[in-house]
Amino acid sequence: MLSKKGILVTIVSILFVLSCGGGGSDDSGGGGGGGTNDEFIQSIIDDYVDNVVIPTYDHLRERSATLREACEALEADPTEESLEAAREAWFAARIPWEQSESWLFGPVDFKGHDPALDSWPVNRTDLDAVLSSDAELTEEFVGNLDPTLKGFHTAEYLLFAFDVDELGAREFEYLISVVRDIESTSEELYTDWAGGDEPFGEIMKGAGNNSVFPSQVSALEQIIEGMSIILDEVANGKIAEPFDNQDVEAVESQFSFNSRQDFANDVRGALHAYTGDHPGLGLIGTGLDELVAESDPELAQRMEDEINDAIDAILAIPQPFRDAILDPDAADEIVAAQEACRQAFDTLNNEVLPVIQQ
Amino acid sequence: MKIYSLILSTLGICLTAFLLTEAAYPQAAPSKDEFQELKEMIQELKKENAERTAELEKMKKENAEKIQSLEKRIDELTAEQPKTAKPSPQEKEGVGEDEGEVEKYTEEEDERDIDEEDFFERINAGDKPYKKLAEEGPFKLTWEGYADILFSWYNYGPNQNRPGGSGSDNRLEFDLTRFVLELEGEMFAGLGFEAEVEFEHGGTGSTFEIEYEEFGEYEQEIEKGGEVNVEELYLSKKFSDWGKLKAGRFYLAIGLMSFLNKPTDYLAARRPESETNVIPAVWDEMGASFEYYVNDNWDLTFQVVNGLDSTGFGSLNWITGGHQGKFETIKATGLALVGRVDFKLPNYGLLVGTSAYYGIDTSANRPKDDLPDVDAPLLLLDAHVIFEHGRWRGSGDVIWGHLWDAEEVSERNKRLSNNLDVPRTAVSDNAFSSWGEIGYNINTYVGLDHLHRLEPFVRVDYYDTFFNPRDTLFDNPRYERTVFTGGLSYTFVNSIFVKLDYAYRMLGSDDFNGESGIDLAFGWVY
């Protein structure tokens with residue numbers, strides 16, 4: 001994104017460099033330029049942490065709490081309306097989670113939160129076996145279950161695969177424990193980045209002064225790697241696996257028919273990571289796009305356009321995705337969505353990354 | 001006088017010259033027929049000569065082959081002698097050895113005593129024996145090993161973690177399962193060493209694997225040394241015929257696969273999956289081991305080794321993933337003790353026994369000290385039998401295990417880094433494994449002599465890596481597995497083998513599909 005702010009920052013940077021007469025030296029271990037450039041890169045890292053990652057996790061914990069409340073309300077008053085409200089709360093919580101998949105590094109990785117929250121595909125045989133077991137489905141019991149037996153997709157199964165009159169005490173017991181587990185994990189994710197003794201957000205912002213991020217450029221590379229992983233995952237995993245194998249069971253969010261939105265939000269997360277903006281929350285910051293625009297404005301804009309194209313191509317797949325994979329008429333749209341993600345991946349890695357590393 | 005002499009000389013010279021010319025033998029000049037006849041005779045003689053030379057060459061060759069064959073046999077017998085006299089548990093399946101071979105071994109022991117004297121004399125004379133002996137070799141070296149190649153067909157998909165279990169499929173897989181090089185060295189005074197290197201799946205370095213326990217993700221498997229493992233490397237000291245001490249890396253005396261690891265030791269194409277999914281397959285560790293051969297009937301083994309690392313424990317394979325190998329060194333802060341008792345009846349080809357393993361603290365061997373207040377001790381108990389009597393041959397094993405603090409371990413493991421490449425799934429407090437196989441040799445019924453073994457066989461495996469778990473753990477029926485295997489095993493001089501079998505696997509609930517596969521394994525043991 002070549003924003004006005006980006007142009008302004010660029011002009012100010014150039015003026016500042018000229019005024020310094022090139023006398024400053026880079027001693028931070030960061031990439032290329034002088035002291036001003038370090039501040040510029042620092043602003044990108046800071047905005048990535050403060051405008052993108054932490055607000056997304058904050059959003060996730062809020063919406064996970066709302067989901068838990070909606071499920072408790074459903075248990076208290078099991079009606080079509082309360083079920084619908086709980087389903088809506090589930091859809092809403094999925095948005096920040098899927099967007100956060102553009103940075104599956106840090107605590108979400110090394111604490112195993114990703115599989116605990118979002119393992120898929122879940123399999124109904126095992127879920128039914130849990131329901132039919134004698135075990136008391138406490139939060140502790142659910143916490144100990146394999147990742148494929150808890151998290152968003154188990155909640156999805158219980159909320160979407162049953163009608164309201166089919167939800168018995170056993171299903172509610174399982175559902176409430178699962179959504180409480182989602183809520184506590186989401187809370188932990190937020191705290192891991194924003195609070196505690198050693199918040200990961202501060203570690204990332206301290207890039208160049210710690211061993212996790214030995215230089216500022218390494219933090220930028222990590223941002224790009226996070227984006228790459230999700231673009232690859234959407235094209236070659238989430239879409240390709242069920243489509244290539246014509247296997248409905250491999251579809252993510254197959255009970256709620258939310259697959260397409262999930263994929264689009266995955267890529268939206270990559271857009272946020274690239275621009276340093278979170279428009280949905282009204283947050284605008286400095287992003288990688290502005291750094292790229294310094295040397296290649298056309299590339300900076302093209303990268304942003306390609307990510308947006310990928311989102312559009314995903315949303316062009318006929319709904320629901322689980323039916324579309326079996327429909328020959330939908331094959332072109334599915335392949336086009338994959339190609340759009342791959343194109344963005346290639347540009348990111350072959351063109352943008354080298355600019356960052358200069 | 002002179003004139004007479006001159007005349008006589010001249011006549012003599014002329015006569016001599018005449019006699020030397022053909023003209024002096026007018027009647028000896030051959031006719032054309034006779035000439036031809038003589039030529040033919042020469043040809044015949046030449047022919048006869050060539051035939052006899054060929055016969056001679058043939059006889060020479062035959063003799064050379066006979067000599068070579070006899071020399072080879074001598075080498076074989078020489079190589080077999082120490083083995084037959086060594087009553088270590090590894091050779092228990094070979095009970096009831098030939099007395100003559102034992103006698104030869106005794107003779108060789110005498111020869112070694114002479115060498116030993118020579119050796120010490122040279123040391124006393126200030127010699128550097130290791131240099132001198134290196135020319136001949138300080139160790140008497142023996143190569144052993146085996147190769148196992150597998151072709152498989154499956155009617156099910158590789159991902160069991162699907163609704164109803166693995167989907168139906170029709171796939172072939174070929175595998176260079178393992179190639180093992182085993183070098184044994186014997187010195188005087190019972191000193192020796194053994195080094196065993198295993199090449200698994202024909203590759204080295206790192207491989208990609210699909211981890212269905214981790215939701216079908218592609219993962220790069222990095223094992224120590226890739227897929228080339230030094231499985232045994234130890235120095236040993238034999239004490240006459242009553243004991244053996246080992247130090248280094250060696251097989252644990254628990255279960256049966258450490259003793260029946262060669263493909264000719266078991267009947268089915270694969271090793272029993274029950275045992276290999278509950279404890280590390282052909283389990284080797286580092287430490288010290290002492291085997292005490294009480295008499296012809298009783299053997300005892302004691303071992304002190306490094307313990308397991310509890311970060312690798314998980315749902316699908318219980319404690320198997322705790323076998324260390326990711327890092328350059330083995331953590332041994334948490335030690336393990338192993339004890340084994342075997343009772344043999346050589347005349348009946350029977351061995352029965354029991355063994356126990358106690359890992360004192362599996363948390364102490366975690367890469368990071370992230371469970372300081374939890375010891376998570378591990379107990380394994382086993383009972384086993386091996387028999388070979390008449391045409392019948394078989395073996396069986398039952399293992400039960402208990403892990404203390406399994407809940408704490410599971411809780412901590414699920415928060416481990418993805419980079420550690422461990423399952424991060426819950427581990428059960430208990431696990432159970434059992435298997436048994438039996439075969440009947442029909443060689444002579446189908447016109448084969450005793451160099452061949454042809455054995456129809458059956459095997460049953462039953463194992464559950466979630467056997468009686470704690471109340472707070474869901475007893476997932478997919479972890480209870482039963483496998484029926486039946487097929488035909490052929491071996492030639494106990495060296496070359498070809499096995500064909502069919503296996504049917506059932507999971508612990510009717511909700512899961514059954515899984516069938518056909519295996520064709522072949523290879524050699526040397």
(request) Determine the minimum heavy-atom distance between Glu249(A) and Pro163(B), stating which atoms define it. (result)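 Between these two residues, the closest heavy atoms are OE1-CG, 3.1 Å.
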
(message) If I compare all heavy atoms of Asn144(A) with all of Leu473(B), which pair ends up nearest, and what's the gap?
(response)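 Closest approach of Asn144(A) to Leu473(B): O-CD1, 4.0 Å.
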
Separation between [atom1] of [X] and [atom2] of [Y], rounded to the nearest 0.5 Å:
| X | Y | atom1 | atom2 | result |
| --- | --- | --- | --- | --- |
| Glu136(A) | Asp471(B) | CD | CG | 10.0 Å |
| Leu137(A) | Thr472(B) | CG | OG1 | 12.0 Å |
| Thr125(A) | Asn513(B) | OG1 | CG | 8.5 Å |
| Asp126(A) | Phe512(B) | CG | CZ | 5.0 Å |

(request) Pick one of side chain, backbone, both or neither for Asp511(B), based on which atoms fall under 4.5 Å of a heavy atom in chain A. (result)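 For Asp511(B), the contact with chain A is made by backbone and side chain together.
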
Need one label for [X]: side chain, backbone, both or neither, based on atoms under 4.5 Å from any heavy atom in chain B.
| X | result |
| --- | --- |
| Asp247(A) | side chain |
| Glu188(A) | side chain |
| Leu127(A) | neither |

(message) Quick check against the 3.5 Å criterion: does Lys414(B) have a side-chain atom that pairs as donor or acceptor with the backbone of Pro147(A)?
(response)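 Answer holds: no.
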
(message) So if I apply the side-chain contact (heavy atoms from CB on, under 4.5 Å) rule between Phe474(B) and each of Val142(A), Asp146(A), Leu145(A), which one comes out positive?
(response)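 That would be Leu145(A); it is the only one of Val142(A), Asp146(A), Leu145(A) passing the side-chain contact (heavy atoms from CB on, under 4.5 Å) with Phe474(B).
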
(request) May I ask you to test the Glu140(A)-Glu411(B) pair for a side-chain heavy-atom distance under 4.5 Å? (result)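 Not touching, per the 4.5 Å side-chain cut-off.
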
(request) Flag the one option from Thr138(A), Val122(A), Val130(A) with the top tally of heavy-atom pairs under 4.5 Å to chain B. (result)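 Looking at each option in turn, the highest pair count goes to Val130(A).
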
(request) Would you indicate whether Asp163(A), at its atom CG, is surrounded by more than 12 heavy atoms from other residues, nucleotides or ligands within a distance under 6.0 Å? (result)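 Enclosed: over 12 neighbouring heavy atoms sit under 6.0 Å from CG of Asp163(A).
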
(request) Return yes when atom CD of Glu198(A) has more than 12 non-hydrogen atoms of other residues, nucleotides or ligands closer than 6.0 Å, and no otherwise. (result)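 Atom CD in Glu198(A) is not packed in, count stays at 12 or less.
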
